[in-house]
Amino acid sequence: MGETILQLFPAGHRAFWSRTAGVQERIQEIRLRAGRPVVLYMDGREIFLTEQGELSEFGPGVRCMSMKELEEILEHICHYSPYAFEEELRRGFVTVAGGHRVGVAGQAILETDGGIRTLKNISFLNIRVAHQVKGAADRVMPEMYRNGMLRSALIISPPGCGKTTLLRDLIRQISDGNAYGRGMTVGVVDERSEIAGSFLGRPQNDVGMRTDVLDSCPKDKGMLLLLRSMSPRVVAIDELGSGEELKALRQAAACGCRILATVHGESRQDVERRFGLERDYWERMFDLFFVLGRKRQICERSEARGQDSGRLHDL
């Protein structure tokens, strides 16, 4: 297993986890639950580990995670100072070196106003392994430009179909410059640290030389802050989800910024229906709509005002 992943585990645990080195590149998530089997998510399906660290479809001899082991791993991830990570734990995840993200769940301690103060008795960890795929946007780059001018794009897909991977590579290529256009200043609001994978404020993923990242900030507030402070020519967010975020996107577009965004959905019609907004609303912000299907490596493309549509393969 890669060095940055092994570093997530205390020294006494590494010998076991190093046995999975041969499948490192295929691991998407490592699910650790106190008293439950260890589960790896690979190639879109779940795989269990035996006590010997071998892969198993499930059966006798699978490795279960004890509460003591889980506590040791969490303490190690928090550098043996959980109070220093209280804010991250309150948000439900910790981002570590290498851009990997560790989600946590347990008992929530609430403020008097109902907000979450922190989590305790954490019994569940979800290690999301960072996998940057450079070149993921190669097939869509020709669509992103018209006469050398960048166009705004909305990426629509169900969970787990690669929209964040595509967005991240779009940001990198637009920032660095490419065969279709010069490099541009990109402002990224990375509310859940999934795009840049920032650790101590520094991106662990390559998001381009002209990219500024505002990490762990609500998207609606972050977009307005970047507009005031960093003068981006492109604004990028992942997982558009609220009316306030839409308003901030509209303001960024009104300031002349190009917009890159993703949203959960099965189709343009599905997104329009869930947000309760007419098609014309979206077409005033976005020139292109990419819909990633559940079938891998298939992308449907459509343009604002129905100018064109098509299908792209091998993303």
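The figures here come from the full heavy-atom set of this structure, side chains too, leaving out hydrogens, waters and symmetry mates. One is the number of the first residue; the rest follow in order along the sequence.
Inter-residue side-chain proximity for F275 and L246 is flagged as met; some heavy-atom pair is nearer than 4.5 Å. Between E88 and T95, every side-chain heavy-atom pair lies at or beyond the 4.5 Å cut-off. Residues I73 and L8 are not in side-chain contact: their nearest non-hydrogen atoms beyond the backbone lie 4.5 Å or more apart. Side chains of N126 and R33 form no contact here, defined as non-hydrogen atoms less than 4.5 Å apart. Considering only heavy atoms from C-beta on, R151 stays 4.5 Å or farther from R258 through its side chain. Looking at heavy atoms from C-beta onward, T262 lies out of side-chain contact with L240 at the 4.5 angstrom threshold. The shortest side-chain heavy-atom distance between S18 and F9 does not fall under the 4.5 Å cut-off. You'll find the side chain of Q173 reaches within 4.5 Å of the side chain of D138, heavy atoms only.
I171 contributes atom CD1, which lies 9.5 Å from atom OG1 of T164 (distance to the nearest 0.5 angstrom). Atom CG of L49 and atom CD of E54 lie 9.5 Å apart (nearest 0.5 Å). For the atom pair CD1 (I122) and SG (C78), the distance works out to 7.0 Å, reported to the nearest 0.5 Å. Taking CD from Q28 and NE2 from H131, the interatomic distance works out to 7.0 Å, rounded to the nearest 0.5 Å. To the nearest 0.5 Å, atoms CG (N178) and CE (M184) are separated by 10.5 Å. The line from CG of L277 to CE of M285 is 8.0 Å long, rounded to the nearest 0.5 Å.
A search for side chain to side chain contact (heavy atoms under 4.5 Å, CB included) contacts involving K134 returns Q132, D169, R172, D206, not counting sequence neighbours. Taking the side chain to side chain donor-acceptor pair (under 3.5 Å) definition, one finds that E29 meets it with R31, sequence neighbours left out. With sequence neighbours excluded, no residue forms a side chain to side chain donor-acceptor pair (under 3.5 Å) with R117. Under the side chain to side chain contact (heavy atoms under 4.5 Å, CB included) criterion, R210 pairs with S175, sequence neighbours left out. V23 pairs by the side chain to side chain contact (heavy atoms under 4.5 Å, CB included) definition with T20, R26, I27, M42, L55, not counting sequence neighbours. With sequence neighbours excluded, no residue forms a ring-ring contact (aromatic ring centres under 6.0 Å, His included) with Y145. A search for ring-ring contact (aromatic ring centres under 6.0 Å, His included) contacts involving H13 returns nothing, not counting sequence neighbours. Every side chain to side chain contact (heavy atoms under 4.5 Å, CB included) that E57 has, sequence neighbours left out, goes to R45, I47.
The hydrophobic cluster containing V39 also includes Y41, F48, F58, V62, under a criterion of side-chain heavy atoms closer than 4.5 Å among ILVMFWY residues, counted directly or through chains of members. Other cluster members for F199: L200, joined by side-chain heavy-atom distances under 4.5 Å among Ile, Leu, Val, Met, Phe, Trp and Tyr.
For the pair E69 (side chain) and M65 (backbone), a donor-acceptor distance under 3.5 Å is absent. Side chain of H100 to main chain of V129: no donor-acceptor pair is present (N/O by atom type, distance under 3.5 Å, no hydrogens or angles). Within the 3.5 Å criterion, the main-chain N or O of I259 finds a donor-acceptor partner in the side chain of S152.
Taking both residues in full, the closest heavy atoms of G201 and S198 are given as C-CB, 4.2 Å, listed atom of the first, atom of the second, then distance. Nearest heavy-atom pair across N205 and G197 is ND2-N, 3.8 Å. Here the shortest heavy-atom pairing between V186 and A236 reads CG1-CB, 4.4 Å. Nearest heavy atom pair, residue I195 against residue V207, reads O-CG1, 4.2 Å. Nearest heavy atom pair, residue R63 against residue T50, reads CB-O, 3.6 Å. When all heavy atoms of A261 and L249 are compared, the pair lying nearest together is CB-CD1, 4.4 Å.
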Check residues 101-108 and write down every donor-acceptor pair under 3.5 Å in which the side-chain atom is one partner and the other belongs to a residue at least two apart or another chain.
| unit_1 | atom_1 | unit_2 | atom_2 | d |
| --- | --- | --- | --- | --- |
| R101 | NH1 | R192 | O | 3.0 |
| Q107 | OE1 | N121 | ND2 | 2.7 |

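Residues I237 and F93 do not share a hydrophobic cluster, defined by chaining ILVMFWY side chains whose heavy atoms lie under 4.5 Å apart. A single hydrophobic cluster is not seen to contain both V234 and M149; linkage of ILVMFWY side chains at heavy-atom distances under 4.5 Å, directly or through other members, places them apart. Note on Y281: it clusters hydrophobically with V263, by side-chain heavy-atom contacts below 4.5 Å among ILVMFWY residues. Each of M67 and L32 belongs to its own hydrophobic cluster when Ile, Leu, Val, Met, Phe, Trp and Tyr are linked at side-chain heavy-atom distances under 4.5 angstrom. Note on M209: it does not cluster hydrophobically with V213, by side-chain heavy-atom contacts below 4.5 Å among ILVMFWY residues.
Between E86 and R91 there is no salt bridge, since none of the side-chain N atoms of the basic residue sits less than 4.0 Å from a carboxylate O of the acidic one. Salt bridge annotation for R168-E194: absent, with no cationic side-chain nitrogen under 4.0 angstrom from a carboxylate oxygen. Look at E71 and K68 and you find no salt bridge, because none of the NZ, NE, NH1 or NH2 atoms lies under 4.0 Å from a carboxylate O.
The side-chain hydrogen bond (donor to acceptor under 3.5 Å, both in side chains) contacts involving residues 182-191 comprise E191-K219, where partners must be two or more places apart or lie in separate chains.
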Can you list the steps and then say if I116 with I109 is a side-chain contact (heavy atoms from CB on, under 4.5 Å)? CA-CA 6 Å; I116 297 176; I109 305 300; over 6 Å; no
What do the steps show when you test E278 against E272 for side-chain contact (heavy atoms from CB on, under 4.5 Å), and what is the final call? CA-CA 6 Å; E278 297 296 329; E272 291 162 6; over 6 Å; no
Evaluate the criterion salt bridge (charged side-chain N to carboxylate O under 4.0 Å, His left out) for residue pair R273 and E266; output intermediate values, then yes/no. CA-CA 11 Å; R273 183 169 55 251; E266 300 284 345; over 6 Å; no
Go through the steps for R233 and L150 under the test side-chain contact (heavy atoms from CB on, under 4.5 Å), then give the verdict. CA-CA 10 Å; R233 295 182 62 195; L150 180 69; over 6 Å; no
Using the rule given for side-chain contact (heavy atoms from CB on, under 4.5 Å), can you reason through F85 versus I77, listing the C-alpha separation, both sets of side-chain angles and the distance that settles it, and then say yes or no? CA-CA 10 Å; F85 286 81; I77 288 169; over 6 Å; no
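Counting heavy atoms of neighbouring residues, nucleotides and ligands inside a 6.0 Å radius, atom CG of N147 does not exceed 12 of them. A 6.0 Å sphere centred on CZ of R250 holds more than 12 heavy atoms belonging to other residues, nucleotides or ligands.
For the pair R268 and F289, the distance from NZ or CZ to the six-membered ring centre is under 6.0 Å and the angle to the ring normal is within 45 degrees.
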